[in-house]
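Comments concern the structure below.
Letters go in sequence order (proteins before strands), and every chain restarts at 1.
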Amino acid sequence: MTNRLAWIATLVTGLFMVAQYFIKTNATNAIYSTLLDYYQIIFAVSMIVGGIGLLKQHSLKVQRSSQRRGYSIVTIAAILFMVIAAGIFGTGATSPYQWAFNNLQAPMQATTFSLLAFFVASAAYRGFRVKSTPAFVLALAAVIVLVGKSGFGEMISQQLPAMAGWVLNNPSTAAKRGILIGVGIGSVATALRVILGIERSYR
Amino acid sequence: MQRVCCRVFFALPHVFVDLARSAKHVSLAFGFVGDTVNSFFLAAGVFDPASLVLLIWVLLTCGAVACFSYRRRVSRLRLRAIPGIAAIEEAVGRATEQGKPIVFTTGWGGDIQRPTTLAALNLLRFVAGKAASYGCRILFPTHDPVIAEAAKEIIRTAYNEAGHPDQFREDDVTFVSPSQFGYASGVDGIVSRQKPGAIFLFGTFEGEALILAETGNINGALQIAGTDSTIQLSFFIVACDYTLIGEELYTASAYLTDDRRVQSSMYAQDLIRAVLVALLLLLPILAMFGVNLFKEIL
């Protein structure tokens, strides 16, 4: 019975969301706006639940006295500091919350992001090893685009930037569009299977 | 024979001219029908006529999927082998043999509404089912608490169905952080500390894709990835052992299920794609005769 109710809710909401995209009336706009509000409320509540779950999980790790409890202590301290600081001093430009965000969180995020540069180099090294004909074509296309799009390419030959542009605008775009057509059809089919209850990840 | 060839040769231009004229009439008819329908909806004031072509394609795809799923279940389907899907069971088995857990994550780019996330959660059901039956631990870090709750229920159900409800640990499904690189750092930490035997990266990934894939690679995990993002696909292809490209992610569950309705819907997807490819070939040819139907049809 519960499953049937879940499926009916999915069906009605799913069909409405498809219909409201095409049919614009005051009633459909109002219902759509209300549904979005409900989603925001559910998301906000789930963030609180998620935060409490995270605190609970790390508290358990600290209690279990595991070797890695240092990480959990730092996590708990960080969550509590941000919540308490925002609650007492607000989130203004000179608040401790903003200070922690600008001086701790933002640099840590930038550090993780900067790892990409090294990972791109190691992944490219593995990806461009010529072991077969397709791998040779890939490596050739990569060399043309890399050299052609840099200032160095123009110094070697005036044709290289044009060749790089051709590789990006023709074979690369064609392949991307082919994938995107499949993705579009697949999205519609997956959504429909879920709406109709043909495919369910719950039982 | 020569006479026939000559006749055909001289008749061909007339045939092409007639074809072009007919096509122009068809084009005018299409335009007329389109204008009439647009005027009707504009007068009714409920429908945006600019969305008409999209609506027709959505209805056509939905109709084909529903029709094949419910009425015309294809009795003999020959599925193209996709190595990434075939390797899912191997990956879970390998992790079990090594006594290591598996990691499954849906990426930072998608919330629960995205079809990619839904497809990934459908795949999670199969992966969790295999992991539960083999007695393998499954870790699910995510950036979205709603996805975490959905995943928790899916994994719990899989362990219950496998007859090992006691092996399910709620702590293994973790909401890490809503921040992109906070999430990436969290997952990297889990991978570096737990050293999983297999990693499944299915869903919508953005800048964190390569960070996750390379960390998994460094830690020696067998990695299977799948995403609809064309930019991140290139990173997954070089960093992961197997990659599901675009639509393969949506059809993966059809490969793993015995449900004929799901498999038949995949046949409908192929049919719509074949129609699109035919139109993409036909429309430029018609355009050469001065009949431009791109706007009316696509």
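For the residue pair Glu149(B)/Ser46(A), the side-chain donor-acceptor check at 3.5 Å is not satisfied. Looking only at atom types and distance, the side chain of Ser122(A) has a donor-acceptor partner in the side chain of Glu214(B) under 3.5 Å away.
From Phe175(B), atom CZ reaches atom CD1 of Ile52(A) across 11.5 Å, with rounding to the nearest 0.5 Å. Within the model, atoms CD1 of Ile198(A) and CG of Asp259(B) stand 8.0 Å from one another, a figure rounded to the nearest 0.5 Å.
With a 4.5 Å cut-off on side-chain heavy atoms, Leu115(A) and Leu210(B) do not count as touching. Looking at heavy atoms from C-beta onward, Thr215(B) lies in side-chain contact with Phe119(A) at the 4.5 angstrom threshold. Residues Arg126(A) and Val238(B) fail the side-chain proximity criterion, which asks for heavy atoms closer than 4.5 Å. Contact annotation: the side chain of Tyr250(B) never approaches that of Ile185(A) to less than 4.5 Å [non-hydrogen atoms, C-beta and beyond]. Between Met108(A) and Ser185(B), every side-chain heavy-atom pair lies at or beyond the 4.5 Å cut-off. Side-chain contact between Leu54(B) and Phe22(A): present, with at least one pair of heavy atoms (C-beta onward) separated by less than 4.5 Å. Side chains of Phe113(A) and Glu208(B) form no contact here, defined as non-hydrogen atoms less than 4.5 Å apart.
Among Asp228(B), Asp270(B), Thr61(B), Ile211(B), the residue making the largest number of heavy-atom pairs under 4.5 Å with chain A is Ile211(B). Considering only heavy-atom pairs separated by less than 4.5 Å from chain A, the leading option among Thr257(B), Leu249(B), Ile245(B), Val262(B) is Val262(B). Interface check for chain A: of the options Ala268(B), Ala148(B), Ser265(B), the most heavy-atom pairs under 4.5 Å are formed by Ser265(B).
In this structure, chain B has heavy atoms under 4.5 Å from both the backbone and the side chain of Gln109(A). With a 4.5 Å cut-off on non-hydrogen atoms, Val120(A) touches chain B through its backbone and its side chain both. There is no contact between Arg114(B) and chain A, counting heavy-atom distances below 4.5 Å. Of the atoms belonging to Val183(A), heavy atoms from both backbone and side chain fall under 4.5 Å from chain B. Residue Val277(B): no heavy atom, backbone or side chain, is found under 4.5 Å from chain A. In this structure, no portion of Glu153(B) lies under 4.5 Å from any heavy atom of chain A. Neither the backbone nor the side chain of Phe128(A) comes within less than 4.5 Å of any heavy atom in chain B. The part of Leu192(A) that comes within reach of chain B is its side chain, from C-beta onward, which places non-hydrogen atoms under 4.5 angstrom from that chain. Contact annotation for Leu196(A): both backbone and side-chain heavy atoms come within less than 4.5 Å of a heavy atom of chain B. With a 4.5 Å cut-off on non-hydrogen atoms, Leu233(B) touches chain A through its side chain but not through its backbone. At a 4.5 Å heavy-atom cutoff, the contact between Ser187(A) and chain B is made by backbone and side-chain atoms alike. Residue Tyr39(A) touches chain B through its side chain alone, counting heavy-atom pairs closer than 4.5 Å.
Open room surrounds CZ on Arg177(A); 12 or fewer heavy atoms of other groups in view lie less than 6.0 Å from it. Heavy-atom contacts from other residues, nucleotides or ligands closer than 6.0 Å to CZ of Phe152(A) number 12 or fewer. In Tyr21(A), the OH atom is not crowded: 12 or fewer heavy atoms of neighbouring residues, nucleotides or ligands sit closer than 6.0 Å. The number of heavy-atom neighbours closer than 6.0 Å to OH of Tyr255(B), taken from other residues, nucleotides and ligands shown, is above 12. In the displayed structure, Asn26(A) atom CG is contacted under 6.0 Å by at most 12 heavy atoms of other residues, nucleotides or ligands. Summarising the local packing, CD1 of Ile231(B) is surrounded by 12 or fewer heavy atoms from other residues, nucleotides or ligands at distances under 6.0 Å. Heavy atoms of other residues, nucleotides or ligands lying less than 6.0 angstrom from CD of Gln113(B) number more than 12.
Between Glu170(B) and Lys56(A) there is no salt bridge, since no side-chain N of the basic residue sits under 4.0 Å from a carboxylate O of the acidic one.
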*Asp144(B)/Phe43(A) under side chain to side chain contact (heavy atoms under 4.5 Å, CB included): CA gap, chis, key distance, verdict*: CA-CA 9 Å; Asp144(B) 186 333; Phe43(A) 185 76; 3.8 Å; yes
*What do the steps show when you test Arg193(A) against Asn122(B) for side chain to side chain contact (heavy atoms under 4.5 Å, CB included), and what is the final call?*
CA-CA 11 Å; Arg193(A) 285 200 294 260; Asn122(B) 284 334; over 6 Å; no
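When every heavy atom of Ala184(B) is checked against every heavy atom of Thr112(A), the shortest pair comes out as CB-CG2, 4.4 Å. The two residues Gly207(B) and Leu116(A) come nearest to each other via the heavy atoms O-CD1, 3.6 Å. For the residue pair Ile179(A) and Gly246(B), the shortest heavy atom distance occurs at CG2-CA, 4.1 Å. Scanning both residues, Ser179(B) and Gln105(A), for their nearest heavy atoms gives CB-NE2, 4.2 Å. Annotation for Thr190(A) and Pro115(B): closest pair CG2-O, 4.1 Å, computed over non-hydrogen atoms. Nearest heavy-atom pair across Asp171(B) and Gln57(A) is O-NE2, 3.2 Å.
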